[in-house]
Protein chains: 2
Amino acid sequence: MTTAPGGREPASDVSKADLVHRRLKEEIELGELAPGTPLSELALVDRMGASRTPVREALRRLAGEGLVELAPRQGARVSRVSLQSVRDLFDFRALLEPAAIRQATEAAAGAPELRRAFAAMRTGFARLQRRAPSPARSRAFYELADRFDWAVIGATRNEHLRRTIAELRPHTARLRNLSHIDPQRVEVSVVEHLRMCDGLLAGDGDEAAAAVTEHLAQSLRTIFGNLARAPGAALDLLG
Amino acid sequence: MTTAPGGREPASDVSKADLVHRRLKEEIELGELAPGTPLSELALVDRMGASRTPVREALRRLAGEGLVELAPRQGARVSRVSLQSVRDLFDFRALLEPAAIRQATEAAAGAPELRRAFAAMRTGFARLQRRAPSPARSRAFYELADRFDWAVIGATRNEHLRRTIAELRPHTARLRNLSHIDPQRVEVSVVEHLRMCDGLLAGDGDEAAAAVTEHLAQSLRTIFGNLARAPGAALDLLG
DNA sequence: GTACTACATGATGTATACAGCAGGTATGCA
DNA sequence: TGCATACCTGCTGTATACATCATGTAGTAC
C-alpha cells in the first residue's frame with residue numbers, strides 16, 4: 001500500500017473491505033489457506049492491516065460465495081471440500097455453462113470484435129497444441145483457458161447466469177490448485193477447447209455446448225481418477 | 001421483541017443482523033419497499049431498532065442476493081426491476097428448475113414419506129381446481145404452490161442448484177406482488193401444477209420437467225401480457 | 001438570468017469499546 | 001487415576017465515535 005507523496009492516504013478508491021475480500025479469496029483459491037482453516041477475525045486484523053469492520057464484511061461476503069463457512073458465535077473457517085461437493089460443483093457447471101456458451105455464440109455472431117477475440121484465442125490453443133509438454137506450456141494453457149472462460153462469461157447476456165457462473169470459478173480454481181494437475185490432462189483439454197472455439201466461431205451453439213459438456217465430464221473424471229490413484233490427494237481435499 | 005422475565009435479554013438465538021435481514025427481505029418481497037427506494041443506514045437504525053453494524057450486514061447480504069443495489073459511498077437502494085431483468089429471471093429459472101424437479105422426482109421415488117407429501121399436495125391442487133374462483137381460493141393456491149416449490153427445492157440434491165433456486169424465489173415473489181395477479185391465471189396454473197405433481201409422482205422426470213418449463217413460459221407470458229395491457233403496472237415495475 | 005464556486009449538511013467507511021458466549025484448562029473429588 | 005465442575009481466556013455480536021466523501025444550497029460573478 002503506497003502513501004501519496006504529499007503525505008496522506010488519498011482515500012483509496014477501493015474500500016478496505018474490498019481489499020481484504022480480494023486477498024482472502026485469492027489465498028483460498030490458491031490453496032494457501034487450506035480447507036477447514038479457522039479464520040479468526042482478530043488474526044486477520046493483524047495480518048491484513050485493517051480493523052474488524054472490513055474484515056467482518058469480507059468474511060460475510062466470502063460466506064455468501066460459499067468459500068467460507070460461518071458458525072454463529074464460533075467464527076469462520078475456510079469451506080471444506082468433499083467428494084460430493086466436487087460432484088455437485090461439476091454437475092451444476094454442466095447445467096449452466098452449455099447455456100452460457102450458447103449465448104456467447106449468439107453474441108459473437110453479431111459482434112465482429114468479439115469474434116476476433118475468440119479467433120485469436122483459438123489460434124493460441126492451436127499453437128499450444130504444437131508445443132512440447134512442459135510446465136511453461138501448462139501454465140500458458142491454463143492462463144489462456146482462463147481468458148477464454150472469462151470471455152464466455154462476459155458474453156453471457158443473462159445476468160443471473162453470468163453472475164452465478166462467475167461465482168463458481170473460484171471453487172473450480174481452488175480444486176485445480178488443491179489437486180495437483182495432471183500434465184497429461186493438458187493434451188486432451190487443448191483439444192476440447194479447440195472444439196469449443198470452433199463451435200462458437202462457426203455459430204453452432206449446439207456443438208459448442210456439447211464441447212463444454214464433454215470438457216466438464218472429462219475434467220471431473222480426471223479429478224476423480226487422480227483422487228482414486230492418490231489417496232493422499234483425497235486427504236488434501238477432504239482435510 | 002420480548003424481554004426475559006428475569007429482566008435481561010437472553011442473548012437471543014438469532015442475531016439482530018438476521019432479524020433486520022429477514023424483515024427487509026420480507027418488505028422488499030411484499031413490495032412495501034418499492035424498487036428504487038433509497039435505504040439510508042441511519043433511517044433503518046431508527047426503524048429497525050438495531051445499530052448500524054447489523055443494519056449494514058443485512059444490507060450487504062441483501063446486495064449479495066440481488067435485492068439491493070449498493071453504490072459505493074452513496075448508499076443502498078432497493079434493486080430496480082426492468083423488463084430485461086424479468087426476462088433474465090424467468091430464462092434462468094427455466095434453466096434451473098427443470099433440473100431441480102428431475103432430482104426431486106428421483107428423490108421421491110426412493111422416499112415414501114416424500115412421495116406422500118407430494119401426493120397430499122396433488123390432492124390439494126385437485127380440490128382447488130373444483131372450487132369456485134375467489135380471492136380466498138387464489139390465496140390458498142399461492143400458499144400451496146409455495147409449499148410445493150419449497151418441497152421441490154428441499155428435495156434437490158445438488159447444493160448449488162438448491163441454493164441458487166432458493167435465492168431466486170424472493171425475486172419471483174416480488175414480481176407477483178408488484179404486478180397485480182391475474183385471477184384468470186390461477187385456473188391455468190392449477191392445471192400446470194397438477195401436471196408437475198403427476199409427472200413427479202409417476203417417476204417421470206422428463207414429464208415433470210416439461211411441465212415446469214411450460215409453467216414458467218406461461219407465467220412469463222402472463223406477466224408480460226399484463227404489462228402490455230396495463231402500462232401503469234409497467235411503471236410500477238420500472239419505477 | 002445563468003453558470004460556477006464555496007460551504008454546510010448528512011451520509012458512508014472505518015476504527016474501537018463493551019457485553020456475552022464457547023472452549024480449554026486446571027482443580028477438586030471420588 | 002478418572003471424571004466432573006468451575007474458572008478463565010479469547011472470541012464473536014453489537015454499539016458507538018471519528019474521518020472522509022457526496023450532495024444540495026446559497027452566494028457571487030458574468
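Proteins come first, then strands; the chains are lettered A, B, ... in the order of their sequence lines, and each starts at number 1.
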When the distance from [atom1] of [X] to [atom2] of [N] is rounded to whole Å, what number comes out?
X: B:L42; N: C:dT9; atom1: CG; atom2: P; answer: 16 Å
X: B:K16; N: C:dC18; atom1: NZ; atom2: C1'; answer: 14 Å
X: B:R56; N: C:dT12; atom1: CZ; atom2: P; answer: 8 Å
X: A:R60; N: D:dT14; atom1: CZ; atom2: C1'; answer: 12 Å
X: B:E41; N: D:dC21; atom1: CD; atom2: C1'; answer: 14 Å
X: B:D46; N: C:dA11; atom1: CG; atom2: P; answer: 10 Å
X: A:Q74; N: C:dG23; atom1: CD; atom2: C1'; answer: 9 Å
X: B:L39; N: C:dG10; atom1: CG; atom2: P; answer: 19 Å

Taking for each residue the nucleotide of DNA chain C bearing the nearest heavy atom, is the 5' side occupied by B:R73 or by A:P54?
B:R73
Among the nucleotides D:dT12, C:dG13, D:dA15, which one has an atom lying closest to any side-chain atom of B:S51?
D:dA15
Do NZ/NE/NH1/NH2 and the carboxylate oxygens of B:R163 and A:D88 come within less than 4.0 Å?
no
Do B:R61 and B:D18 sit within salt-bridge range, that is, some charged N less than 4.0 Å from a carboxylate O?
yes
Answer with base, sugar-phosphate or nothing: what part of the nucleic acid does B:T53 contact at a heavy-atom distance below 4.0 Å?
base
Using a heavy-atom cut-off of under 4.0 Å over every strand shown, decide if A:R77 touches base, sugar-phosphate, or nothing.
nothing
Only counting residues at least two apart or in another chain, list the ones meeting ring pair (Phe, Tyr, Trp, His ring centres under 6.0 Å) with A:F90.
none
Is there a donor and acceptor pair closer than 3.5 Å between the side chain of B:R52 and the base of C:dG13?
yes
Does the side chain of A:R185 come under 3.5 Å of the side chain of A:S219 through a donor N or O and an acceptor N or O?
yes
